[in-house]
Amino acid sequence: MPDKIEKREGPESPAGFENLAADPRVTVRRAGLPKPDGSCIVYWMQRAQRGFNNAAVDCSANVANELNLPLLVYFSAISNFPNANLRHYVFLNQGLPDIEADLAQRNISFVVRRPPHNSLEKLLEEVNAAMLIGDENPCREPERWRQALARRLHIPFWTVDADVIVPSKLFPKAQYAAYVLRPRLYKELPNYLHPLKNPTAQHSWKRPKHFDSYPVTSDIALGWKRLDRSVPPVETFTGGSSAARTRLQFFIDNLLANYDEQRNKPTVDGTSRLSPYLHFGHIGPLEIALAVNAAVEKNASLSHARDSFFNELIVWRELAVNFVKYTPNYDSDECAEPWARQSLAQHAHDRREWNYKLDQLERGETHDELWNASQLQMVRFGWMHNYMRMYWAKKILEWSPDPATAFAYAATLNDRYQLDGRDPNGYAGIAWAIVGKFDRPWFDRPIFGKIRYMSAASTGRKFDSKRYIEMVRE
Ligand SMILES: Cc1cc2nc3c(=O)[nH]c(=O)nc-3n(C[C@H](O)[C@H](O)[C@H](O)COP(=O)(O)OP(=O)(O)OC[C@H]3O[C@@H](n4cnc5c(N)ncnc54)[C@H](O)[C@@H]3O)c2cc1C
């Protein structure tokens with residue numbers, strides 16, 4: 001991947017253009033100067049689905065202003081996004097009106113298209129784009145799409161790492177554990193924990209007559225025959241940046257102070273529940289972190305809670321991004337460290353007292369009521385409490401024929417039902433639970449080997465498990 005802008009024959013590089021490319025958040029995927037007679041800049045929005053506090057929008061607006069061109073943000077609603085179903089598409093759809101409204105405040109046009117009229121390259125030709133800017137997603141397919149696009153395009157193509165606080169390329173290798181990444185991240189934080197400038201585009205884009213753009217309030221999945229509609233939308237979460245900001249404010253005003261004590265209690269609304277919004281980019285981690293810091297400025301007694309929250313939001317979340325970015329087999333048991341692989345292999349033939357098939361797990365039909373309740377929470381509400389996610393995944397290891405099957409079952413169910421599924425956090429969380437990734441060896445025991453174990457009895461004692469079971473069934 002070229003990291004520098006190649007000097008070419010033709011017009012001089014506009015002042016400031018190279019500085020924008022030098023930002024560590026930017027990856028130059030196709031080098032070169034913008035098309036000299038181009039009519040606009042296009043930002044292909046994929047992961048960072050928001051109009052404000054989005055470094056990819058800022059970068060695009062800065063480039064557009066530098067080149068005296070208007071900016072167009074393009075969203076292509078593809079019908080075959082890996083493992084996405086109706087639940088995910090409805091949440092995504094709910095976010096589109098906020099994007100349009102927020103971008104309009106910045107004098108930026110928003111265009112949405114659906115198959116078969118959604119070819120990005122055709123759009124670039126149609127609007128005569130001078131260059132393309134995108135965002136980042138370290139997962140396999142989205143990264144492959146970006147690489148393939150970069151090979152085909154004839155205009156410059158940059159991507160902006162908008163959904164982490166510290167640009168992920170500052171850590172050019174896989175980080176072994178949270179304790180390794182934490183000091184490195186915290187050293188960089190003072191450079192990145194600053195509000196974005198949210199510049200306005202100086203030039204308006206003039207939409208040609210009869211220009212095709214799908215209305216943001218219409219059903220983007222309308223008529224899609226192959227879309228998996230078996231997983232219905234949930235009412236527990238409404239998508240969009242404004243809903244995300246409302247929840248963030250609620251969290252700060254009511255829950256942050258007790259976050260550290262309450263975060264491991266699945267019966268309590270004690271965590272931010274921002275993970276679906278973070279997954280879809282309806283809010284970014286920087287906006288969340290700055291809002292929490294502002295609360296600490298006003299009330300210093302929140303600083304301990306802030307540190308605990310940042311450990312999840314920044315350290316564990318950005319460790320997950322690093323994991324997926326540098327681990328080709330992030331979604332299988334092959335991502336295990338040698339100690340874990342060896343230990344699990346030694347227990348490969350241990351007798352499994354319970355052996356469930358995927359459909360039994362999916363329906364929550366096991367002998368373990370607490371586990372069934374956790375599965376039901378995810379199926380009914382599109383979200384599961386963190387403490388239960390750990391227990392849930394570890395039991396899948398205990399009840400599956402082998403770790404490879406366990407990993408595949410967990411990833412399938414997680415991606416299908418969680419609104420925040422299909423995310424680096426999900427693969428990292430499953431890897432932690434099932435193959436001990438980022439953890440240390442524990443005492444050797446059947447099936448698990450040296451992977452950390454969680455028993456039903458001890459888990460159930462840590463909180464009111466009866467109440468949890470009742471809650472999800474109510
Ligand atoms: C088996 C397993 C599967 C998981 N699957 C997912 C998933 O698909 N998507 C997902 O976003 N998270 C996943 N997690 C991580 C974590 O459980 C959720 O991020 C968290 O429960 C979301 O709730 P919250 O927003 O209220 O979290 P909060 O406690 O409010 O934390 C704030 C944010 O920090 C991040 N965060 C919190 N805990 C973790 C963690 N352990 N690892 C990485 N980031 C974290 C999330 O982005 C979260 O929204 C999984 C964890 C495990 C053990």
Side-chain angles (χ1 to χ4, degrees), residues 47 83-84 87-88 139 163-165 175 177-178 181-182 185 236-237 244 247-248 250-252 254-256 258-266 268-289 291-292 305-324 330-331 371 374-375 377-378 381-397 406-407 409-439 451-452 454 459:
R47 178 159 183 235
N83 302 318
R87 173 171 295 179
H88 304 119
C139 290
D163 285 283
V164 286
I165 295 182
Q175 305 290 306
L181 181 61
R182 190 176 292 111
L185 268 174
T236 25
F237 292 90
R247 176 66 196 181
L248 171 61
F250 178 85
F251 171 69
I252 289 175
N254 303 287
L255 310 178
L256 176 62
N258 296 319
Y259 177 77
D260 203 30
E261 299 93 78
Q262 304 286 30
R263 56 180 287 269
N264 281 329
K265 294 187 186 154
V268 175
D269 179 16
T271 63
S272 73
R273 301 197 183 199
L274 286 169
S275 54
Y277 300 103
L278 280 161
H279 170 74
F280 283 87
H282 293 166
I283 197 164
L286 179 62
E287 182 173 349
I288 299 173
V292 168
R306 182 258 317 266
D307 295 348
S308 169
F309 182 66
F310 278 12
N311 192 44
E312 307 303 326
L313 175 76
I314 306 179
V315 178
W316 280 97
R317 187 171 176 280
E318 301 204 2
L319 181 64
V321 170
N322 173 275
F323 166 63
V324 167
Y330 60 79
D331 51 355
W371 191 92
S374 68
Q375 170 69 18
Q377 184 178 29
M378 179 172 81
F381 303 107
W383 184 87
M384 195 200 295
H385 191 278
N386 178 58
Y387 199 71
M388 294 313 301
R389 293 192 203 215
M390 299 193 265
Y391 180 72
W392 173 86
K394 286 196 176 285
K395 290 294 144 187
I396 296 180
L397 171 62
F407 205 116
Y409 283 177
T412 300
L413 295 174
N414 195 73
D415 285 355
R416 185 175 293 163
Y417 291 105
Q418 307 274 26
L419 272 174
D420 61 27
R422 307 170 302 128
D423 189 278
N425 280 354
Y427 305 117
I430 293 168
W432 176 88
I434 292 184
V435 298
K437 185 78 195 166
F438 306 126
D439 206 355
I451 308 296
R452 184 196 297 247
M454 279 171 85
T459 304

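Both ligands and their constituent atoms are indexed starting at 1 by order of listing.
Counting heavy atoms from C-beta outward, R263 and E312 have side chains that approach closer than 4.5 Å. In this structure, the side chains of Y330 and C139 come closer than 4.5 Å at one or more pairs of heavy atoms.
Using a 4.0 Å cut-off to heavy atoms of G426, the atoms of ligand 1 that qualify are 4 (C), 5 (N), 6 (C), 7 (C), 8 (O), 9 (N). For ligand 1, the atoms closer than 4.0 angstrom to any heavy atom of R317 are 43 (C), 44 (N), 47 (O). Close approach to W316 involves these atoms of ligand 1, each under 4.0 Å from a residue heavy atom: 40 (C), 42 (N), 43 (C), 44 (N). Of all atoms in ligand 1, listed by their number and element, those nearer than 4.0 Å to a heavy atom of A393 are 1 (C).
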**OP:** Would you check, one step at a time, whether the test side-chain contact (heavy atoms from CB on, under 4.5 Å) holds for R273 with W383?
**Re:** CA-CA 8 Å; R273 301 197 183 199; W383 184 87; 3.6 Å; yes
Original post:
Would F280 and H282 count as a ring pair (Phe, Tyr, Trp, His ring centres under 6.0 Å) if you check the C-alpha gap in whole Å, the side-chain angles of each, and the deciding distance to 0.1 Å?
Top reply: CA-CA 5 Å; F280 283 87; H282 293 166; 5.8 Å; yes
Original post:
For N414 and R422, what are the C-alpha separation, side-chain angles and deciding distance, and is it a side-chain hydrogen bond (donor to acceptor under 3.5 Å, both in side chains)?
Top reply: CA-CA 8 Å; N414 195 73; R422 307 170 302 128; over 6 Å; no
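Taking atom 18 (C) of ligand 1 as the reference point, the nearest protein heavy-atom neighbour is R389 CZ, 4.1 Å. Protein heavy atom at the shortest distance from atom 7 (C) of ligand 1 is D420 OD1, 3.2 Å. For atom 30 (O) of ligand 1, the closest heavy atom belonging to the protein is S272 OG, 2.6 Å. Looking only at protein heavy atoms, the nearest one to atom 12 (N) of ligand 1 is N425 CB, 3.2 Å. In this structure, the protein non-hydrogen atom closest to atom 8 (O) of ligand 1 is N414 ND2, 2.8 Å. In terms of protein heavy-atom proximity, atom 35 (C) of ligand 1 is nearest to E312 O, 3.6 Å.
The nearest non-hydrogen atom to atom 29 (O) of ligand 1, considering only Y259, F309, F438, comes from Y259. Considering S275, P285, P266 only, the shortest heavy-atom separation from atom 49 (O) of ligand 1 involves S275. Between N386, I434, I396, it is N386 that holds the heavy atom closest to atom 16 (C) of ligand 1.
At least one heavy atom of R273 sits under 4.0 Å from some atom of ligand 1. At a 4.0 Å cut-off, not a single heavy atom of Q418 sits close enough to ligand 1 to count as contact. Under a 4.0 angstrom heavy-atom cut-off, G421 registers as being in contact with ligand 1. The shortest separation from a heavy atom of W383 to ligand 1 is under 4.0 Å, placing the residue in contact.
Checking side-chain atoms of R389 against main-chain N and O of G429 turns up no donor-acceptor pair under 3.5 Å. Remark: the backbone N or O of F250 is paired with a side-chain donor or acceptor of N254 at under 3.5 angstrom. R452 places no side-chain N or O within donor-acceptor distance of the main-chain N or O of A433, the cut-off being under 3.5 Å.
Of the polar atoms of M390, none of the N or O atoms is found under 3.5 Å from an N or O of ligand 1, judged by distance alone.
Judged by the 6.0 Å distance and 45° axis criteria, K394 is not positioned over the aromatic ring of W371.
Partner of H279 under the side-chain hydrogen bond (donor to acceptor under 3.5 Å, both in side chains) criterion, out of D420, N425, D163, D423: D423 alone. Each of L255, D260, V292 was scored for a side-chain contact (heavy atoms from CB on, under 4.5 Å) with F309, with one residue passing: V292.
At a heavy-atom distance under 4.0 Å, no atom of W392 approaches ligand 1. Within the 4.0 Å heavy-atom criterion, neither part of D415 lies near ligand 1. Neither the backbone nor the side chain of F251 has any atom closer than 4.0 Å to an atom of ligand 1 (non-hydrogen atoms only). For L278, every heavy-atom contact with ligand 1 shorter than 4.0 Å involves the side chain, none the backbone.
Side-chain contact annotation: W392 with Q375, donor-acceptor N/O pair under 3.5 Å present.
Between F323 and F438, the ring centre distance stays below 6.0 Å.
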